[in-house]
Protein chains: 2
Amino acid sequence: MGEEGPRNGSRRLPRAAREAQILQVAAEMFAAQGFHATSMDDVAAACGVTKPMIYSYFGSKPGLLAALLERTGAELLGGLALMAAIPDPEARIRATLDLLITRLYEQTASWRVILSAMRGDGPLAERARGYRAALIHAMLITLAELAPPGLHRAIARRRVSPYAYALLGAAEAGSEWWLNTPGVSRVETTATASRVLDAMLALIRRDLDIPV
Amino acid sequence: MGEEGPRNGSRRLPRAAREAQILQVAAEMFAAQGFHATSMDDVAAACGVTKPMIYSYFGSKPGLLAALLERTGAELLGGLALMAAIPDPEARIRATLDLLITRLYEQTASWRVILSAMRGDGPLAERARGYRAALIHAMLITLAELAPPGLHRAIARRRVSPYAYALLGAAEAGSEWWLNTPGVSRVETTATASRVLDAMLALIRRDLDIPV
DNA sequence: GAAGTAAGTTACTTGAAAGTAAGTTTGAGT
DNA sequence: ACTCAAACTTACTTTCAAGTAACTTACTTC
């Protein structure tokens, strides 16, 4: 039952690794029970260390949340920047969606925390809203490029915004369905998801007055 | 600056009225700052009374949340029961959707609290998810009625189930969109929801081999 | 107009979580 | 094999919110 580490049963970790672990664990606990319902002792215990370690690395409880926010947000922005290189709008939509869904599933906990940190006020909420805005903005921009050249950009974006949410919601619910329904093949799941996506894209195009 | 009340500047309210007020105020504060970040003293002060009043009416802090949940949930179930009287499946689906949107407008704060209570564990989360499950079930039954008479019910329900999830997932995400996007009219929300619904219904019908 | 009860208060106890000071272990370099 | 810093702990203080006991005020009803 040895943990990792340079040698023996040493539980010590270099700072960078411990920080990463603490952030991961904190994200999961904050997502599961809420920020205020999770104590620093809880987080520390789940990491196998004690509270003062967290304070020495992150300063305070809001400081821990802030660090989580910055790290996750920066990763997302990096990914979105890569997507921007894809020239074709529809290909970019699919790739971006894929990226967002992948991120949502790989980092569900972090994103739940960020989304719920956005409510309320204070500098953290501002920062969180900034990242969310970036995410939504990227989706909107991409979807809006399906509009005909004649349509003003701002109008196209506004028209398209509810569909961005609906798409992500449907995708997330689809996974939940897959988890709750026994005996469904992956192929079936993928096929269904794909049909839903096609239908949504068709809908968006029609709404933007593009002949399909 | 007289408040209401039988006579003079009396701030006393009969129990039913005070309970309703407390629930309303608590819903708003829980929605704004989160359940754990809101103290009973805060709620009491915002109501113009003191803490022991809330304890005498609701027993505990979880008790207050539970009461909020039950009241809002019961109202929803009542509404759904009324929908069951509509014979035509498609009309029933539309009426149900409209009901959800109406509730969302009238009780924004309560629904925010319920949606966030669904995450996490504990009896309250179970209860909240129970209301959601009831919704999904109702939707499933109704969607399955779109199937041709020859198709066995169990098969129809199974075929339709991913769409029930997707539809409600999209609706949930749509709610989030509405909650996060200022200045959207109700007409606009309904229209968008209706278009998404149209697309989903067409998809479902095709999947059930019904000619549109 | 006295009595009873519902609405409300003050003032407390308790428990838990944020934050900290001062000390101990361990490993890496010279 | 010594030293020094980084990783880590124990053992506190402080603060704040949940929950309660005992008391007061006002409305209703006969």
Side-chain angles (χ1 to χ4, degrees), chain A residues 2-26 29-30 32-68 113 117 120 122-124, chain B residues 2-26 29-30 32-68 113 117 120 122-124:
Chain A
E3 315 289 329
E4 54 278 276
R7 284 292 159 100
N8 195 349
S10 168
R11 272 95 186 261
R12 293 201 172 192
L13 287 181
R15 174 165 187 155
R18 189 61 87 191
E19 278 182 351
Q21 181 209 18
I22 291 171
L23 286 176
Q24 175 63 31
V25 167
M29 299 186 79
F30 290 167
Q33 324 171 255
F35 178 70
H36 293 282
T38 305
S39 78
M40 295 295 261
D41 272 318
D42 290 343
V43 176
C47 291
V49 295
T50 53
K51 201 171 39 167
M53 286 306 301
I54 305 184
Y55 280 92
S56 107
Y57 288 163
F58 300 101
S60 69
K61 200 182 181 189
L64 176 57
L65 182 55
L68 178 59
V113 173
L124 284 183
Chain B
E3 314 291 327
E4 54 277 278
R7 285 290 159 98
N8 195 349
S10 168
R11 271 96 186 262
R12 292 199 173 194
L13 286 181
R15 175 165 184 156
R18 190 61 86 191
E19 277 182 352
Q21 181 210 19
I22 292 171
L23 286 176
Q24 174 64 32
V25 167
M29 299 185 80
F30 290 165
Q33 325 171 256
F35 177 70
H36 293 281
T38 305
S39 79
M40 294 295 259
D41 273 319
D42 290 343
V43 176
C47 290
V49 295
T50 53
K51 200 171 37 164
M53 286 306 300
I54 305 185
Y55 279 91
S56 107
Y57 287 163
F58 298 101
S60 68
K61 200 184 182 188
L64 176 58
L65 181 56
L68 180 59
V113 173
L124 286 182

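Sequence lines set the chain letters: A, B, ... in the order given, protein chains first and strands last, and positions in each chain run from 1.
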_I want to check something: taking the side chain as every heavy atom from C-beta on, are A:Y57 and A:I22 in contact at a cut-off of under 4.5 Å?_
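Counting from C-beta outward, A:Y57 and A:I22 do come under 4.5 Å.
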*asked:* Please enumerate all residues that pass side chain to side chain contact (heavy atoms under 4.5 Å, CB included) together with B:A20, with sequence neighbours excluded.
replied: B:R71
_So, using side chain to side chain contact (heavy atoms under 4.5 Å, CB included) as the criterion, who are the partners of A:A67 when residues are at least two apart?_
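In terms of side chain to side chain contact (heavy atoms under 4.5 Å, CB included), with neighbours along the sequence ignored, A:A67 is linked to A:L23, A:F58.
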*asked:* Does C:dT9 have OP1 or OP2 under 4.0 Å away from a side-chain N or O of B:T50?
replied: yes
Could you tell me the separation between the [atom1] atom of [X] and the [atom2] atom of [Y], rounded to the nearest 0.5 Å?
X	Y	atom1	atom2	value
A:R15	A:M53	CZ	CE	8.0 Å
B:I54	B:R18	CD1	CZ	10.0 Å
A:L64	A:Y55	CG	OH	9.0 Å

*Scan residues 42-54 of chain B for pairs that pass side-chain hydrogen bond (donor to acceptor under 3.5 Å, both in side chains), counting only residues two or more places apart or in two chains.*
B:S39-B:D42
*What one-letter contact string describes nucleotides 2-7 of chain D from 5' to 3', where B marks a base within less than 4.0 Å of any protein heavy atom, S marks contact via sugar-phosphate atoms alone, and - marks no contact?*
----BB
_Nucleotide-resolved protein contact map, nucleotides 13-19 of chain C, B/S/- at heavy-atom distance under 4.0 Å_ = ----SBB
*To the nearest angstrom, how far is B:L64 atom CG from D:dA17 atom P?*
16 Å
*Between C:dT20 atom P and A:F58 atom CZ, what is the distance in whole Å?*
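Distance check: A:F58 CZ to C:dT20 P gives 16 Å.
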*asked:* With salt bridge (charged side-chain N to carboxylate O under 4.0 Å, His left out) as the rule and sequence neighbours excluded, what pairs involving residues 53-62 of chain A come up?
replied: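 Found none.
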